[in-house]
Amino acid sequence: MEQNLPVLNRESASAAAAKELDYTPHADLPERVLQIGEGNFLRGFIDWMIHEMNKQGLFRGRVAAIQPTPRGKVVPKLNRQDGLYTLILRGMEQGRAVEKLEVIDSISRGINPYENWSEALQAAESPSIEFLISNTTEAGLQFLEEPYDPDQSPLSFPGKLVALLYHRYQHFRGAPDRGWIILPCELVEENGAVLKQLCQRVAVYWQLPDSFLDWVETSCVFCNTLVDRIVTGYPHSEAQRYQERLGYRDELLTAAEPYHLFVIEGPQQVQQKLPFDKAGLRVYFDRIDDYRELKVKLLNAPHTLMAAVAFLGGATTVKEAVEDPLFKQYVLDVMTEEITATLRGIDRDRALCYIDDVLERFANPYLHHRLLDISLNGVSKFQTRVLPSLLAYREKKGQLPRGLVFGLAALLAFYRPKRIETDRYIGERDGGEYEIRDHGDFLQKMEALWKDVDQIEPVAEQVVAACLAQESLWGHDLTQVDGLVKEVAEQLVAIEQHGIRAALQESGWGVTGLQ
């Protein structure tokens, strides 16, 4: 039946809107945003936000989306569908499951710069374009030694941006009011400052005039941003059901959670020109530091802890972990009693509200966030996400945080290989085996630590000390933290001898919480 359905376009969207679909057309609005990147995240995040502003008459502008790499496949689909796509927002809100379907009409067209560079340059000439938004992943924020050819698209993202800016600078003869507000959404700390430095480096490498560099400095605004929303993208296993329900085929069907957070660090003019907050969106024009600390310590860190603790106990997804009373109580106590005690300049009430949001997101029945996927590069994640709270708690309270220490012991147990099969490191847990995935040299180190260990109890402190002493793994020699080796070793023995669930309960966790 799916093949007999019409493709999503303005006509089929209007027909679907006559049924249950939310569709507000905006084809008459001018392009105000140039966007480098057309993937799931931008479509499910900022393009949706622009659509929400347009519905309320607050922005009145659309997006021209530029394909960031030669391998992209989205632009032809966008253009076949008149720039339209269906966004499915589904998850938990105030304790109940919600689902909303809407056709998003904020993208005017897609541009393949490798085939139509002139079209991208023409967009850069438009006086109505005021903003440039990007998401090219962390790999996109890299310098590439490539030649400047005004008739051909550069390969790198900074190269494209500099080439577009230089063309605009020439077209408007350096007019000071024709610079862009630039909002990179790549997951890199101080992404705006990083992108600006890369652009300056590209301009110098290409020997562009100093007057252009001055124009970029004085007429363009590079904002640091922090973004947060899980966008899972095309729901392959459910696509046919959705398309039959909608009455059309949508090659760009995009699923995301309802929760969203966008923090923009920039001058007042950015907030005036981009009234996200007036549209009722969770967008803050503020310093990013506090928001980043909340996200890293109270969202990312619990993910990392559950990837070891709950996975070893038989859970396979984040949702399964928080549905288990034991694991939920463990992670909740760690968040509320240990991590919140280490937050800098963030009051407890604000942290507890954030924790409520996080737990609701973890319980999203539509997300299947696999703990084994989260476990990838687990030690480096523990170092950046969890260890700062462990050390800060020890410094502030004069004692070790039992929950975080247990998480460290579980991490070491997770990385214990039971056997090796052609460079595949296999671990064991309650309920079966799993492949340990990490950098090869690190896995070899862990193999060497555990080699010839049969009974853990006699050698636990020796194994733990050998691991925690490696500054290359943790950024510190953790054997210098008073009592840490002993406590981790005790918990590791309990995990290895009795299993993760019994070890947790013996350590004081149960359905009633921290004892």
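Since this is a predicted model, take the numbers as computed values, not measurements.
Proximity of the aromatic rings of Phe262 and Tyr284 is defined here by a centroid distance below 6.0 angstrom, and this criterion is not met. Here the two rings, on His369 and Phe362, have centers that are 6.0 Å apart or farther. You'll find the ring centres of Tyr205 and Tyr148 outside the 6.0 Å limit. Checked against a 6.0 Å centroid threshold, the rings of Tyr425 and Tyr415 do not count as neighbours.
Geometrically, Arg10 does not engage Tyr248 in a cation-pi contact defined by less than 6.0 Å to the ring centre and at most 45° from the axis. Judged by the 6.0 Å and 45° rule, Arg229 forms a cation-pi pair with Trp48.
Other residues, nucleotides and ligands contribute more than 12 heavy atoms inside 6.0 Å of the CD atom of Glu99. Residue Asp210 qualifies as open at atom CG: its count of foreign heavy atoms under 6.0 Å is 12 or below. At most 12 non-hydrogen atoms from other residues, nucleotides or ligands lie less than 6.0 angstrom from CD of Gln207. For CZ of Arg241, the number of neighbouring non-hydrogen atoms (other residues, nucleotides, ligands) closer than 6.0 Å is greater than 12.
Residues Leu155 and Leu144 are in side-chain contact: their nearest non-hydrogen atoms beyond the backbone lie under 4.5 Å apart. Two residues are said to be in side-chain contact when any heavy atoms from C-beta on lie closer than 4.5 Å; Phe442 and Leu473 meet this criterion. At a threshold of 4.5 Å between non-hydrogen side-chain atoms, the residues Ile426 and Ile420 do not count as touching. Using a 4.5 Å heavy-atom cutoff, the side chains of Arg282 and Asp357 are in contact. By the 4.5 Å heavy-atom criterion applied to side chains, Lys278 and Met53 are not counted as neighbours. By the 4.5 Å heavy-atom criterion applied to side chains, Val33 and Ile129 are not counted as neighbours. Looking at heavy atoms from C-beta onward, Thr232 lies in side-chain contact with Leu367 at the 4.5 angstrom threshold. The closest side-chain heavy-atom distance from Met335 to Ser389 is not below 4.5 Å.
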Original post:
Hey, mind stepping through Asp82 and Arg109 against salt bridge (Lys or Arg N to Asp or Glu O under 4.0 Å) and telling me if it holds?
Top reply: CA-CA 7 Å; Asp82 297 333; Arg109 56 179 166 147; over 6 Å; no
**OP:** Give the C-alpha distance, both sets of side-chain angles, the deciding distance and a yes or no for salt bridge (Lys or Arg N to Asp or Glu O under 4.0 Å) between Glu238 and Arg245.
**Re:** CA-CA 11 Å; Glu238 304 165 280; Arg245 173 180 167 185; over 6 Å; no
Original post:
Where do Lys100 and Glu102 land on the salt bridge (Lys or Arg N to Asp or Glu O under 4.0 Å) test, with the steps shown first?
Top reply: CA-CA 7 Å; Lys100 179 183 179 183; Glu102 183 173 11; 3.7 Å; yes
**OP:** Apply the test salt bridge (Lys or Arg N to Asp or Glu O under 4.0 Å) to residues Asp438 and Lys445: give CA-CA distance (whole Å), side-chain angles for both, the deciding distance (0.1 Å), then the verdict.
**Re:** CA-CA 11 Å; Asp438 212 305; Lys445 288 180 181 178; over 6 Å; no
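We find that Glu145 and Arg201 are not joined by a salt bridge, their nearest charged nitrogen and carboxylate oxygen being 4.0 Å or further apart. Look at Asp105 and Arg62 and you find a salt bridge, because one of the NZ, NE, NH1 or NH2 atoms lies within 4.0 Å of a carboxylate O, short of that distance. With respect to the salt-bridge test (charged N to carboxylate O, under 4.0 angstrom), the residues Asp228 and Arg361 qualify. Electrostatic pairing of Glu251 and Arg80 counts as a salt bridge here, judged by a charged N lying under 4.0 Å from a carboxylate O. Arg437 has a carboxylate O that lies under 4.0 Å from a charged side-chain N of Asp373, or vice versa, which qualifies the two as a salt bridge.
Although no hydrogens or angles enter the test, the distance criterion places a donor-acceptor pair under 3.5 Å between the side chain of Ser128 and the main chain of Glu31. The backbone N or O of Ala124 sits nowhere less than 3.5 Å from a side-chain atom of Trp180 that would complete a donor-acceptor pair. A donor-acceptor contact shorter than 3.5 Å links the side chain of Asn9 to the backbone of Ser12. For the pair Asn224 (side chain) and Gly266 (backbone), a donor-acceptor distance under 3.5 Å is absent. In this structure a side-chain-to-backbone donor-acceptor pair under 3.5 Å is missing from Asn54 to His26. For Lys381 (side chain) and Leu376 (main-chain N/O), a donor-acceptor pair under 3.5 Å exists by modelled atom type. Ser126 places no side-chain N or O within donor-acceptor distance of the main-chain N or O of Gln122, the cut-off being under 3.5 Å.
Put simply, CZ on Phe311 and CG on Leu371 are 7.5 Å apart, with the number rounded to the nearest 0.5 Å. Between the CG atom of Asn191 and the CD atom of Glu265 there is a distance of 9.5 Å, given to the nearest 0.5 Å. Here CG of Leu252 is found 11.5 Å from CG of Leu87. Values are rounded to the nearest 0.5 Å. In this structure, the separation between CG on Leu187 and NZ on Lys295 is 6.0 Å, given to the nearest 0.5 Å. Interatomic distance, Ser375 OG to Glu435 CD, rounded to the nearest 0.5 Å: 10.0 Å. Note that the CZ atom of Arg168 and the SG atom of Cys220 stand 8.5 Å from one another [nearest 0.5 Å].
Between Ser219 and Asp177, the side chains place no donor N or O within less than 3.5 Å of an acceptor N or O (distance only, hydrogens not considered). A donor-acceptor pair shorter than 3.5 Å can be found between the side chains of Thr136 and Glu186. Between the side chains of Glu52 and Gln56, no donor-acceptor pair of N or O atoms lies under 3.5 Å. A side-chain N or O of Gln81 and one of Asp250 form a donor-acceptor pair less than 3.5 Å apart. Remark: the Arg43 side chain and the Asn40 side chain contain an N/O donor-acceptor pair separated by less than 3.5 Å. Using a 3.5 Å distance cut-off with no hydrogens or angles, the side chains of Gln35 and Ser134 do not pair a donor with an acceptor. Using modelled atom types and a 3.5 Å distance limit, the side chains of Asn377 and Ser380 yield no donor-acceptor pair. At a cut-off of 3.5 Å, with distance as the only test, a side-chain donor of Ser211 or Tyr169 sits close to an acceptor on the other residue.
Between Pro158 and Cys199, the shortest heavy-atom distance links the atoms O-SG, 4.3 Å. Scanning both residues, Gly159 and Glu146, for their nearest heavy atoms gives CA-OE2, 4.1 Å.
Remark: Arg32 engages Glu130 in a salt bridge (charged side-chain N to carboxylate O under 4.0 Å, His left out) (not counting sequence neighbours). Among residues two or more places apart in sequence or in another chain, the salt bridge (charged side-chain N to carboxylate O under 4.0 Å, His left out) test is passed with Lys160 by none.
The aromatic rings of Phe276 and Phe285 sit parallel, their planes meeting at an angle under 30°, below the 60° perpendicular limit.
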